[in-house]
S.K.: 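My questions will all concern the structure given below.
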Amino acid sequence: MPPFLAGSCARQRSLLMTSTPLVTRFAPSPSGHLHLGNARTALLSYLAARKTGGRFILRVEDTDESRSNDVFMQSLFDNLRWLGLDWDEGPDVGGPQAPYRQQQRRAIYEGWLAKLDAAGLTYPCYCSPAELSLSRKRQLAAGKPPRYAGTCRELNAAQQADRVARGLPAALRFRVPTAQTVSFDDVVHGSQSFATDDIGDFIIRRTDGSTAFFFSNAIDDALMGVTLVLRGDDHLTNTPRQLLILQALQLPAPRYAHVALLIGMDGAKLSKREGAMSLGDLRALGYLPGAVRNHLVRLGHSCVTDGWLDDAAMLADFDLARLGRAAARFDEAQLLHWQKEAVAHLSDEAFRDWIAEHLPSGLTGSQLATFAAAVRPNIVFPRDAMQWVAVVFGEPTALAPEAADAIKEAGADFFASAVQVFERGLDFRQTVREIGQATLRKGPGLYMPLRAAITGETHGPELAPLLTLIPAAEITARLSRAQQLASA
RNA sequence: GCUCCCAUCGUCUAGAGGCCUAGGACACAGCCCUCUCAAGGCUGGUACGAGGGUUCGAAUCCCUCUGGGAGCGCCA
């Protein structure tokens with residue numbers, strides 16, 4: 001390890017950032033939809049690579065065929081791209097180390113498995129799942145760590161032949177060395193060391209012939225030239241296992257950055273209720289990708305900038321040295337804030353496209369532009385446009401109770417005057433001024449009844465632009481209706 | 001149970017022994033602006049989990065405890 005990579009303090013982590021192009025990867029298993037926690041890991045990995053001019057790899061870890069499927073894989077690609085990430089190598093774009101789906105890399109794994117075997121570091125294990133779980137339970141009950149008991153570790157050739165003859169399927173285990181210490185320097189946690197005696201022999205190939213995570217994941221990182229593995233904290237204590245394999249095979253070990261997990265507001269795992277918080281769900285709710293990015297990049301990573309970060313600014317602001325160690329809670333209130341920012345930062349065209357599905361067809365360009373500009377500050381999600389579409393382009397909706405109150409407060413005479421002035425077809429400012437003169441009202445007392453009568457609400461976008469879009473006859477009709485209500 | 005990780009406002013966080021009377025952002029409350037809401041501006045309340053050390057001085061370093069989390073899977 002180059003000396004400048006040693007140690008773990010922030011300054012050195014900064015050095016790591018600026019001096020070397022990093023090769024990072026995101027390695028999801030396609031066994032479910034992309035969750036927020038994973039999305040954050042992907043984002044951070046992506047930023048680390050892009051920031052240093054390195055490469056970002058997408059590798060699909062689908063060795064467990066029963067849990068993986070192509071629908072989830074496609075959904076993963078979609079959601080990642082929606083988030084704004086792109087990758088230099090991956091199942092769908094190829095690359096020098098193709099294939100990038102682990103199911104398709106079995107031949108590669110077999111080669112490395114053979115090397116491990118030749119070194120005497122593997123052995124077949126004939127224990128059944130039932131036996132293993134029983135053994136685990138017993139150990140737990142006895143207050144001991146539930147590790148593999150080593151039942152098959154020292155089987156001789158005859159004993160092995162016997163199991164084979166009995167038709168017992170064999171998994172392959174890695175022979176963990178005794179009395180050693182595995183050390184590494186974590187980018188976020190600093191130096192770590194683990195005793196191999198605390199690690200039980202673990203399975204690297206299942207009875208069905210597929211390789212297990214500890215093995216294939218480590219091998220692929222090495223083979224694909226990954227130099228920084230940025231992943232969840234939950235892998236921290238798994239790391240020595242992977243280091244042991246890499247060591248045994250004389251493969252280069254990456255640097256590891258274990259970021260704290262994302263948890264829910266209740267402090268518990270981000271999953272059950274937040275199962276509604278997969279990227280796809282957020283997207284369906286109408287959240288903008290930039291909002292999600294801005295929120296995620298500040299979870300477990302502190303930004304120098306408090307405000308909105310566009311793509312370039314986010315890249316500039318990102319720094320491995322500012323990755324945090326403590327678990328972060330997902331707080332939807334903060335996401336909502338970034339959503340508002342995201343809406344504000346949309347271009348006019350993008351904003352119109354965003355709410356397009358709720359807009360009536362056949363609007364002129366200028367109607368569209370006026371409407372969008374007027375309504376934008378009041379919209380957080382596309383569906384929020386519906387209310388104002390109804391007010392402006394549709395039939396009057398039911399009066400909100402506060403609106404009815406405001407109308408009654410103003411009185412029938414107010415609306416009688418208002419109708420008269422409106423019928424003269426003056427521009428908005430002039431109209432309001434004259435209504436004010438005629439009714440001796442001003443300020444809120446003048447605008448509120450008009451707003452209430454015309455929009456049915458006591459709050460909403462600026463009145464003037466809205467009124468230019470509503471047919472004059474419709475406006476006077478609504479005012480007359482208000483007049484009736486007020487005199488009733 | 002064993003091993004490991006973590007601990008600053010309600011939330012995200014700044015903080016690498018004196019710049020800390022603990023800063024910012026979100027949220028909340030109030031005021032201003034304003035035709036309303038939103039936006040914007042200003043103001044306010046709220047935090048170093050506890051106890052011991054080390055030191056002239058600790059949010060910061062050490063120890064213990066407490067609380068949370070992860071791993072110990074033929075899941076990844």
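Lettering of chains follows the sequences in order, A, B, ..., and the numbering in each one begins at 1.
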S.K.: State, to 0.1 Å, how close A:Arg383 and A:Leu285 come at their nearest heavy-atom pair, and which atoms those are.
M.R.: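 That closest heavy-atom pairing would be NH1-O, 3.2 Å.
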S.K.: Would you mind telling me which residue lines up with the more 5' stretch of RNA chain B, A:Ala328 or A:Asn217, judged by nearest nucleotide?
M.R.: A:Ala328
S.K.: Could you tell me the Watson-Crick or G-U partner of B:A39, where both distances fall under 3.5 Å? Say none if there is no partner.
M.R.: none
S.K.: Reckon A:Arg173 touches a base, only the sugar-phosphate, or nothing at all at heavy-atom distances under 4.0 Å?
M.R.: sugar-phosphate
S.K.: When you look at A:Asp185 and A:Tyr256, which way does the side chain to side chain donor-acceptor pair (under 3.5 Å) test go after all the steps?
M.R.: CA-CA 7 Å; A:Asp185 193 55; A:Tyr256 293 93; over 6 Å; no
S.K.: Is the phosphate of B:A76 approached by A:Thr63 (side-chain N or O, under 4.0 Å from OP1 or OP2)?
M.R.: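 For B:A76, OP1 or OP2 has a side-chain N or O of A:Thr63 closer than 4.0 Å.
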S.K.: Quick one: A:Leu134 CG to B:G73 C1', roughly how many Å, whole number?
M.R.: 15 Å
S.K.: Whom does B:C72 pair with, Watson-Crick or G-U wobble, provided both distances fall under 3.5 Å?
M.R.: B:G1
S.K.: Do A:Thr196 side-chain atoms and A:Gln180 backbone N/O form a donor-acceptor pair below 3.5 Å?
M.R.: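 Such a contact is found between A:Thr196 side chain and A:Gln180 backbone.
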S.K.: With a 4.0 Å cut-off on heavy atoms, is A:Arg205 in touch with a base, just the backbone sugar-phosphate, or nothing at all?
M.R.: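 It contacts nothing in the nucleic acid.
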S.K.: Rounded to whole angstroms, how far apart are NE2 on A:His189 and C1' on B:A7?
M.R.: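 Taking atom C1' of B:A7 as the reference, NE2 of A:His189 is at 13 Å.
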S.K.: With A:Arg173 as the cation and A:Phe202 as the aromatic partner, state whether NZ or CZ is under 6.0 Å from the six-membered ring centre and within 45° of the axis.
M.R.: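 No, cation not above the ring by the 6.0 Å, 45° rule.
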S.K.: Can you tell me how far C1' of B:U11 sits from CG of A:Leu336, to the nearest Å?
M.R.: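 Nearest whole value for this atom pair: 14 Å.
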S.K.: Show each protein N/O and nucleotides 2-4 of chain B N/O combination with a separation under 3.5 Å, one pair to a line.
M.R.:
none

S.K.: Does the side chain of A:Arg136 get closer than 4.0 angstrom to OP1 or OP2 of B:C74 through an N or O atom?
M.R.: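 Answer is yes, contact under 4.0 Å.
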S.K.: Taking the C1' atom of each, how far is B:G1 from B:G10, in whole Å?
M.R.: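 Per the computed distance, 35 Å lies between those C1' atoms.
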S.K.: For B:U64, which nucleotide is its Watson-Crick or G-U wobble mate, given both distances must be under 3.5 Å?
M.R.: B:A50
S.K.: In whole Å, measure the gap between the C1' atoms of B:A39 and B:C5 for me.
M.R.: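 Comparing C1' positions in B:A39 and B:C5 gives a spacing of 42 Å.
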S.K.: Any base atoms under 4.0 Å from A:Gly445, or only sugar-phosphate, or nothing? Heavy atoms, all strands.
M.R.: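 Nothing, no heavy atom under 4.0 Å.
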S.K.: Find the distance A:Trp338:CH2 to B:C26:P and express it as a whole number of Å.
M.R.: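 After rounding, the reported distance stands at 8 Å.
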S.K.: Does A:Arg329 use its side chain to pair, donor to acceptor, with the backbone of A:Ile263 at less than 3.5 Å?
M.R.: no
S.K.: Have A:Gln139 and A:Arg136 got a donor and an acceptor in their side chains that come within less than 3.5 Å?
M.R.: no
S.K.: Answer with base, sugar-phosphate or nothing: what part of the nucleic acid does A:Arg231 contact at a heavy-atom distance below 4.0 Å?
M.R.: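 The answer is nothing, as A:Arg231 stays clear of every strand by at least 4.0 Å.
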S.K.: Can you name the closest pair of heavy atoms from A:Leu223 and A:Ile108 and give their distance?
M.R.: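 Closest heavy-atom pair between A:Leu223 and A:Ile108: CD2-CG2, 3.7 Å.
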S.K.: When the C1' atoms of B:A38 and B:C32 are compared, how many Å lie between them, rounded to an integer?
M.R.: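 Nearest-Å result for B:C32 against B:A38 at atom C1': 16 Å.
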S.K.: Work out how far the P atom of B:G69 is from that of B:C75, and round it to whole angstrom.
M.R.: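 The answer is 25 Å between these two P atoms.
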S.K.: Would you classify A:Thr207 as touching base, sugar-phosphate or nothing, given that sugar-phosphate means primed atoms plus P, OP1 and OP2, and contacts are heavy atoms under 4.0 Å?
M.R.: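 It contacts base atoms.
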S.K.: Rounded to whole Å, how long is the line connecting atom CG of A:Asn38 with atom P of B:C75?
M.R.: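 These atoms are roughly 18 Å apart.
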S.K.: Using the rule given for salt bridge (charged side-chain N to carboxylate O under 4.0 Å, His left out), can you reason through A:Arg441 versus A:Glu409, listing the C-alpha separation, both sets of side-chain angles and the distance that settles it, and then say yes or no?
M.R.: CA-CA 12 Å; A:Arg441 282 171 166 260; A:Glu409 185 278 326; 3.2 Å; yes
S.K.: Once you round it to whole Å, what is the distance between P of B:A7 and CG of A:Asp233?
M.R.: 11 Å
S.K.: When all nucleic acid strands are considered with a 4.0 Å heavy-atom cut-off, which category describes A:Cys127: base, sugar-phosphate, or nothing?
M.R.: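 Base, at least one base heavy atom under 4.0 Å.
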S.K.: Please list all pairs meeting salt bridge (charged side-chain N to carboxylate O under 4.0 Å, His left out) that have one or both residues in residues 371-380 of chain A, counting only residues at least two apart or in different chains.
M.R.: A:Asp348-A:Arg376
S.K.: Need one value for A:His235: base, sugar-phosphate or nothing, where a base atom within 4.0 Å counts as base even if backbone is also close, heavy atoms only.
M.R.: base
S.K.: Could you tell me whether A:Arg429 atom CZ has more than 12 heavy atoms of other residues or ligands within 6.0 Å of it?
M.R.: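 Not buried by this count: 12 neighbours or fewer within 6.0 Å.
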S.K.: Do nucleotides 27-42 of chain B as a string where each nucleotide becomes B, S or -: B if the base has a protein heavy atom under 4.0 Å, S if just the sugar-phosphate does, - if no protein is that close.
M.R.: --------BBBB----
S.K.: Which value, rounded to the nearest 0.5 Å, describes the distance between A:Leu113 atom CG and A:Ser216 atom OG?
M.R.: 9.5 Å
S.K.: Say we look at B:A7 and B:U11: how far apart would their C1' atoms be, to the nearest angstrom?
M.R.: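 Result for the C1' pair: 15 Å, nearest Å.
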S.K.: Taking a pair as Watson-Crick or G-U wobble with both distances under 3.5 Å, which nucleotide is matched to B:G44?
M.R.: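 Looking at the geometry, B:G44 pairs with B:C28.
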S.K.: Measuring to OP1 and OP2 of B:A76, would you say a side-chain N or O of A:Arg206 lies under 4.0 angstrom away?
M.R.: yes
S.K.: Classify A:Asp64 by what it touches in the nucleic acid, base, sugar-phosphate, or nothing, heavy-atom distance under 4.0 Å.
M.R.: sugar-phosphate
S.K.: Given the P atoms of B:U43 and B:C26, what is the spacing between them in whole Å?
M.R.: 14 Å
